[in-house]
Amino acid sequence: MSDVNDSLLDTTVRYTGDGTAVVSVAGDVDLHTAPTLRANALAVVEQGVPHLVLDLARVDFVDSTGLSTLIGLLQAAQEAGGSLRLAAIPDRLARMVTMTGISQLLPVHPTVADALAGRTADGARAVHGRNEAPTDAVGDGDLSGIRGTRPARGTT
């Protein structure tokens, strides 16, 4: 029986020179490989490059650990004054990102070029790592305080 390890995941980094790096990911992002993705992406942020674009075109599979890693990377990038954008995600992963609500946190772009330009899949421009689609007055994506989004308790 062979060991399952991070050799199932390959990451390469391309620096764009404007505080942004494209991290290309190939393989599965799961319980065994997510720590490698996290470590490699965090190393880029720690080098003073806070804006990350994850090129996921060659990702075959992502489990819940992988999704959690994406959220952790978003938080780390934001703490460093940066952002995280997803690019070229396969259809099956796009469905998972949408169904889990992660697409509300992370801008999804059809290509790396669109992610670098800040264009989302629907053509809107992303602002500070978020889609420019209407969310709330603050722009933090939290719709709980917006009237009409859900009825107040005890009302019908």
Side-chain angles (χ1 to χ4, degrees), residues 9 11-16 18-150:
L9 183 78
T11 60
T12 56
V13 179
R14 177 175 57 95
Y15 296 92
T16 63
D18 61 353
T20 302
V22 176
V23 179
S24 297
V25 184
D28 297 344
V29 183
D30 59 22
L31 176 66
H32 303 288
T33 61
T36 299
L37 173 58
R38 180 175 171 75
N40 292 349
L42 288 178
V44 173
V45 173
E46 290 167 1
Q47 292 172 9
V49 182
H51 299 283
L52 300 176
V53 172
L54 289 184
D55 178 359
L56 302 175
R58 299 182 338 171
V59 170
D60 300 317
F61 173 78
V62 176
D63 71 1
S64 60
T65 305
L67 294 175
S68 178
T69 297
L70 296 179
I71 294 169
L73 291 175
L74 170 65
Q75 292 170 340
Q78 288 177 335
E79 287 172 8
S83 61
L84 176 66
R85 297 175 181 172
L86 305 180
I89 63 175
D91 288 341
R92 63 191 167 282
L93 178 55
R95 284 190 299 271
M96 184 182 296
V97 165
T98 300
M99 287 182 356
T100 60
I102 291 174
S103 62
Q104 298 298 311
L105 299 173
L106 291 168
V108 176
H109 304 270
T111 67
V112 170
D114 286 327
L116 291 171
R119 290 188 298 269
T120 61
D122 64 0
R125 293 224 13 112
V127 178
H128 301 293
R130 296 190 185 278
N131 295 346
E132 202 173 51
T135 54
D136 63 343
V138 178
D140 64 1
D142 181 3
L143 298 176
S144 61
I146 304 295
R147 289 183 187 260
T149 58
R150 63 180 151 178

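In this chain, numbering begins with 1 at the start of the sequence shown.
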Distance col, row Leu42:CG vs Leu73:CG, nearest 0.5 angstrom, shows 5.5 Å
Query raised in the report: So do the side chains of Asn40 and Val13 get within less than 4.5 Å of each other, counting heavy atoms only?
Result: no
Do His51 side-chain atoms and Ser83 backbone N/O form a donor-acceptor pair below 3.5 Å?
yes
Closest non-hydrogen atoms of Arg92 and Val59, given as atom of the first, atom of the second and distance, are NH2-O, 3.4 Å
Closest non-hydrogen contact found for Val53 with Ala87 is CG1-CB, 3.9 Å
Rounded to the nearest 0.5 Å, the CG atom of Leu70 sits from the CG atom of Leu93 at a distance of 7.5 Å
Note: Arg85 and Gly118 closest approach over all heavy atoms is NH1-CA, 3.5 Å
In this structure, CG of Leu106 is separated from CG of Leu84 (nearest 0.5 Å) by 5.0 Å
side-chain contact (heavy atoms from CB on, under 4.5 Å) test vs Arg38 passes for just one of Val29, Thr33, Thr65, Thr69, namely Thr69
Rounded to the nearest 0.5 angstrom, the CG-CD1 distance for Leu86 and Ile102 is 8.5 Å
When rounded to the nearest 0.5 Å, the distance separating CG of Asp30 from CG of Leu67 is 11.5 Å
### Message
Are the side chains of Arg14 and Val112 in contact, using a 4.5 Å heavy-atom criterion?
### Response
yes
Between Ala57 and Pro90 the two heavy atoms that sit nearest each other are O-CG, 4.1 Å
Separation between NE2 (His109) and CG (Leu56), nearest 0.5 Å, reads 11.5 Å
Scanning both residues in full, the closest heavy-atom pair of Val45 with Ala76 reads CG1-O, 4.2 Å
For Pro50 and Ala80, the nearest pair of non-hydrogen atoms, with its separation, is CB-O, 3.6 Å
